[in-house]
Colleague: 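Got a structure for you, questions after.
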Amino acid sequence: RQTTNFLLDAKHRKSLDILVRREAILSRLPQQAGIDAAIRSILESIRKCDYTRCTPAKLQEIQKVVQEHVKDEATHTAFLAFVDKNGKDAFAQLEHSHLHKLLHGLLQMPCIVMRLECMILESSFGDHLAHYRGNLDILRAAFQCIAERLPALRRLFLTAESVGNCLNSDSNAPVTGHGFRLCSLEKFLELKAPSHKELTLLHFVLLWVEEADLQALCDPHVLDCINRARLATSYLVFQDIITALEGFRNVENLVSTGKYRGQVIPRHTVTTDGEPDLFHSGMENFVARAGQEAKELWSYALSMFTAYKDLGTYLHDLQAVYPPPQEPKDDRNDIFAILEVIFNNLANARTDLEREVQNEVLPSEILAITPLFGAKFGTSGADAEQKEQQQQEEQKKQHSFA
């Protein structure tokens with residue numbers, strides 16, 4: 001006899017064969033009977049949207065094979081014509097007859113590729129929702145930590161701006177009158193003290209930050225929350241949710257109009273072999289069951305997306321972080337990636353300062369007038385300024401008297 005093969009991709013044949021043989025083992029029937037039972041079981045589980053037997057992973061494997069087969073119009077048309085011409089004896093004339101029988105059974109279901117797409121969405125929707133909510137929880141925790149420390153962060157930025165402007169005064173370097181780009185903070189690490197190369201301009205900025213502010217900004221819990229948010233990647237969090245909810249909206253349209261992404265999926269309650277087809281009723285139940293959860297997820301995602309934009313606006317560098325970039329670029333990055341660098345630099349600089357103070361690298365008379373170490377060396381920064389003003393006034397009086 002002449003044998004024919006319409007499953008040309010060896011990987012596709014292998015994936016279908018593994019699927020059928022695993023199902024056959026579960027049937028505990030003799031080899032050929034088990035294979036026939038496995039094919040019937042797979043087709044029945046798809047008709048009934050039975051996800052206890054057809055898991056998302058199995059559906060994805062089947063969809064991949066069927067989709068590629070349908071794309072090859074010549075092979076697809078020839079296969080259906082061959083089966084129509086030869087009838088029941090068609091599969092006996094084919095190589096891998098059990099795989100062709102399964103493929104033909106799948107192709108008898110209207111719009112099988114789109115059906116599988118809908119079923120994959122439903123079967124994995126619950127797990128995906130939990131994953132998406134978990135990612136949003138991570139972003140929310142980071143936003144909350146940052147929001148609680150915005151006053152301290154604002155005072156830090158004002159101090160950095162003042163120190164930078166003071167350093168740039170009487171020179172050709174620009175003096176800012178209205179904030180600075182977030183990326184400019186890295187410049188504070190590049191400028192080093194002439195006599196102590198281990199100390200940067202950032203270390204001197206921190207000397208003029210209040211101890212309570214620095215403790216709040218260097219809290220390990222904050223660093224952990226920002227790090228987790230950066231690893232989640234804002235772009236992927238929002239993009240995955242948008243993709244999933246667009247898929248759910250397409251299923252809603254199918255239920256209300258009978259069309260999925262503009263194409264009608266015919267409604268059949270019974271197939272040609274008398275088996276019930278529960279696809280449409282299954283999708284109706286899915287929409288009714290998951291509709292509220294989808295709305296809540298969208299509301300939650302929208303609030304986090306708004307918080308992301310609001311934070312970029314507050315930091316007055318929205319163009320550098322919004323919308324969340326897919327990949328970091330020279331002038332754009334995820335807001336949590338930028339903040340992670342800033343907060344880690346602050347924590348490291350604080351540790352460096354404490355070490356240098358302990359090693360008596362910085363003169364105590366300088367430390368005594370700083371807000372950070374003033375109390376440790378006998379006077380606070382405010383007291384030091386007041387004392388300095390009093391000394392200046394006394395010198396003026398003495399000079400005037402003289």
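Keep in mind the model is a prediction, meaning the values are calculated, not measured. Starting from 1, each residue takes its place in the sequence as its number. Below, all heavy atoms of this structure are taken into account, side chains as well, without hydrogens, waters or symmetry copies.
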Colleague: Angle between ring planes, F6 versus F82, binned at 30° and 60°: parallel, tilted or perpendicular?
Modeller: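 Ring orientation of F6 relative to F82: tilted.
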Colleague: Hey, mind stepping through F143 and F336 against ring-ring contact (aromatic ring centres under 6.0 Å, His included) and telling me if it holds?
Modeller: CA-CA 9 Å; F143 282 132; F336 294 112; 5.1 Å; yes
Colleague: D219 and R149: salt bridge (Lys or Arg N to Asp or Glu O under 4.0 Å), yes or no, with the steps?
Modeller: CA-CA 10 Å; D219 185 345; R149 288 156 180 82; 3.3 Å; yes
Colleague: I'd like to know if the side chain of H12 reaches the main chain of L8, judged simply by a donor and an acceptor atom lying under 3.5 Å from each other, with no hydrogens or angles considered.
Modeller: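 It does not hold such a pair.
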Colleague: Can you tell me how far CG of L7 sits from CD of E68, rounded to the nearest 0.5 angstrom?
Modeller: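 Reported value, rounded in 0.5 Å steps: 12.0 Å.
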Colleague: Go through R22 and I18 one step at a time and tell me if the side chain to side chain contact (heavy atoms under 4.5 Å, CB included) criterion holds.
Modeller: CA-CA 6 Å; R22 283 179 177 174; I18 291 173; 3.5 Å; yes
Colleague: Determine which pairs satisfy side chain to side chain donor-acceptor pair (under 3.5 Å) with at least one residue from residues 225-237, sequence neighbours left out, and list them in order.
Modeller: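 As it turns out, the side chain to side chain donor-acceptor pair (under 3.5 Å) pairs with a partner in residues 225-237, which skip direct neighbours, are N227-E340, R230-E340, S234-D334.
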Colleague: Of the non-hydrogen atoms in F125 and A294, which two are nearest, and what is the gap between them?
Modeller: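 Smallest heavy-atom distance, with atoms named: CZ-CB, 4.4 Å.
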Colleague: Using a 4.5 Å cut-off on heavy atoms from C-beta on, say whether the side chain of V255 contacts that of H280.
Modeller: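 Counting from C-beta outward, H280 and V255 never come under 4.5 Å.
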Colleague: Taking V209's backbone N and O only, do any of them form a donor-acceptor pair with D213's side chain (distance below 3.5 Å, no angle check)?
Modeller: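 Checked: no pair found.
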Colleague: With ring-ring contact (aromatic ring centres under 6.0 Å, His included) as the criterion, how do H98 and F91 come out once you've worked through the C-alpha distance, each side chain's angles and the decisive distance to 0.1 Å?
Modeller: CA-CA 8 Å; H98 61 300; F91 302 109; over 10 Å; no
Colleague: For a salt bridge (Lys or Arg N to Asp or Glu O under 4.0 Å) with D277, tell me which candidate from K48, R115, R47 qualifies.
Modeller: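 Answer after filtering K48, R115, R47: R115.
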Colleague: Are I62 and I112 side-chain neighbours, meaning at least one heavy-atom pair lies under 4.5 Å?
Modeller: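 No, too far: nothing below the 4.5 Å cut-off.
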Colleague: Measure up the F238 and Y308 rings against each other and bin them: parallel (under 30°), tilted (30 to 60°), perpendicular (over 60°).
Modeller: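 F238 vs Y308 ring planes: perpendicular.
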Colleague: Determine whether F279 and M119 make a side-chain contact, defined as any pair of heavy atoms from C-beta on separated by less than 4.5 Å.
Modeller: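 Side-chain contact under 4.5 Å: yes.
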